[in-house]
Undergrad: 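Below is a structure I'd like to ask you about.
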There are 2 protein chains.
Amino acid sequence: MNDVKLTSTLAFRLGTLGAVVTERFSARLAADGLKPKHVGLLAILEAGTATSQLDIAKLMNVAPSLVVSLADRLEELGAVRRERDPADRRRQTLALTAEGRELLAACTAAAAELDAELTDGLKPEEVKALRGVLGTMAERSGLPAD
Amino acid sequence: MNDVKLTSTLAFRLGTLGAVVTERFSARLAADGLKPKHVGLLAILEAGTATSQLDIAKLMNVAPSLVVSLADRLEELGAVRRERDPADRRRQTLALTAEGRELLAACTAAAAELDAELTDGLKPEEVKALRGVLGTMAERSGLPAD
DNA sequence: CAATATCGTTCACGACTCGAATGATTGAGA
DNA sequence: TCTCAATCATTCGAGTCGTGAACGATATTG
């Protein structure tokens with residue numbers, strides 16, 4: 001019959017590889033006392049895709065209550081300013097501070113370093129193709145495509 | 001300065017995409033009462049890469065105590081037989097049963113379906129390239145390359 | 001034979017995330 | 001204007017997942 005191996009499946013491989021990569025990314029972030037989700041939140045703010053906590057939660061596919069604790073931590077670090085939306089005072093608006101931008105830049109640099117390790121020895125066109133395919137797959141899955 | 005976006009980073013994208021994919025894979029596995037790690041264990045047994053629980057734990061990058069509970073569940077389902085190694089009675093040897101093979105086949109089929117969804121609309125050569133690159137990256141990270 | 005190491009197991013714990021309950025604020029309709 | 005329902009943020013309790021520290025059984029070494 002069909003003797004496809006589980007481990008050669010894209011689903012399984014993306015899953016396991018994704019896990020080790022986030023693990024490695026986490027390790028680099030640990031120095032700043034952050035988790036990947038904190039950085040994801042910062043990236044959303046920089047992109048301007050959402051500013052209210054609820055919108056951020058939706059964008060991150062995460063419970064609103066989680067955004068509260070992420071924002072707490074980021075505010076504590078001075079990376080983010082919390083302001084009530086004057087137009088709707090129920091809303092908390094998150095805004096990147098200068099420190100937040102620096103922090104995000106540092107984390108992005110860490111991710112780029114990791115990229116270099118991951119793609120070391122690969123042909124540039126392979127990397128380019130990988131980027132492209134992952135981009136379209138991310139887009140399809142409702143993730144930020146860029 | 002350098003305005004690379006975090007979200008276009010391979011590390012970040014592999015991480016988030018990996019999470020989404022395992023989530024979707026988990027959903028399909030839920031019907032059988034399994035988690036991805038259960039299936040990973042089954043795959044190791046089929047590949048014959050390890051049979052003792054400790055070796056399996058090492059291969060999975062996981063605590064030995066976790067393998068205990070995974071094996072408990074799989075034994076409960078009749079997918080795995082637990083036997084003391086006659087040569088070293090401290091060792092528990094796990095062996096796939098016929099049911100276990102069927103179960104693994106079903107899970108592999110589920111993963112393959114998911115693959116089809118993920119790659120739908122992509123050019124065959126893109127998919128092939130993706131497989132190749134992910135394979136070498138997995139291998140580099142100490143994961144089962146095939 | 002004694003001392004030490006190894007394997008599997010149990011158990012208590014920490015990390016992570018969610019969902020329900022709560023309070024503040026808004027908007028709709030009588 | 002005055003309810004009443006809906007919405008947003010927050011807190012809090014609970015569930016899941018995985019780890020690491022004991023512990024008992026077995027093996028190995030001197």
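Residue numbering restarts at 1 for every chain, and letters A, B, ... go by the order of the sequence lines. Nothing here was measured: the structure is a model prediction, and the numbers come from that model. What's counted below: heavy atoms across the whole structure, side chains too, no hydrogens, waters or symmetry copies.
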Undergrad: Look at B:Lys128 together with B:Glu125 and state whether they make a salt bridge at an N to O cut-off of under 4.0 Å.
TA: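 Looking at B:Lys128 and B:Glu125, the cut-off is not met.
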Undergrad: Starting at the 5' end of DNA chain C, which residue's closest nucleotide do you reach first, A:Leu66 or B:Ser65?
TA: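 Its nearest nucleotide being more 5', the pick is B:Ser65.
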Undergrad: 5' to 3' on DNA chain C, which nucleotides open and close the contacts with chain B (atom under 4.0 Å from a heavy atom)?
TA: C:dA5 to C:dT10
Undergrad: Would you please name every residue forming a salt bridge (charged side-chain N to carboxylate O under 4.0 Å, His left out) with A:Arg101, sequence neighbours left out?
TA: none
Undergrad: Test of understanding: with salt bridge (charged side-chain N to carboxylate O under 4.0 Å, His left out), list the residues that count as partners of B:Glu113, not counting sequence neighbours.
TA: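 With sequence neighbours excluded, B:Glu113 shows a salt bridge (charged side-chain N to carboxylate O under 4.0 Å, His left out) to B:Arg28, given in chain and number order.
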Undergrad: Tell me every residue that passes side chain to side chain donor-acceptor pair (under 3.5 Å) with A:Asp115, counting only those two or more places apart in sequence or in another chain.
TA: none
Undergrad: Report yes or no: does B:Thr22 contribute a side-chain atom to a donor-acceptor pair with the main-chain N or O of A:Gly15 at less than 3.5 Å?
TA: no
Undergrad: If you look at every strand shown and take non-hydrogen atoms under 4.0 Å, does B:Val67 touch a base, only sugar-phosphate, or nothing?
TA: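 No contact.
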Undergrad: Anything under 4.0 Å to a heavy atom of chain A counts; send over the first and last such nucleotide of DNA chain D, read 5' to 3'.
TA: D:dA6 to D:dT11
Undergrad: Using the test salt bridge (charged side-chain N to carboxylate O under 4.0 Å, His left out), find all partners of A:Arg24 that sit at least two apart in sequence or belong to another chain.
TA: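 Only A:Glu117 meet the salt bridge (charged side-chain N to carboxylate O under 4.0 Å, His left out) criterion with A:Arg24.
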Undergrad: Applying the side chain to side chain donor-acceptor pair (under 3.5 Å) criterion to B:Gln53, which one of B:Arg82, B:Arg91, B:Gln92 satisfies it?
TA: B:Arg82
Undergrad: Can you confirm whether A:Cys107 sits close enough to A:Leu34 that some side-chain heavy atom of one is under 4.5 Å from a side-chain heavy atom of the other?
TA: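 A:Cys107 reaches A:Leu34 side chain to side chain.
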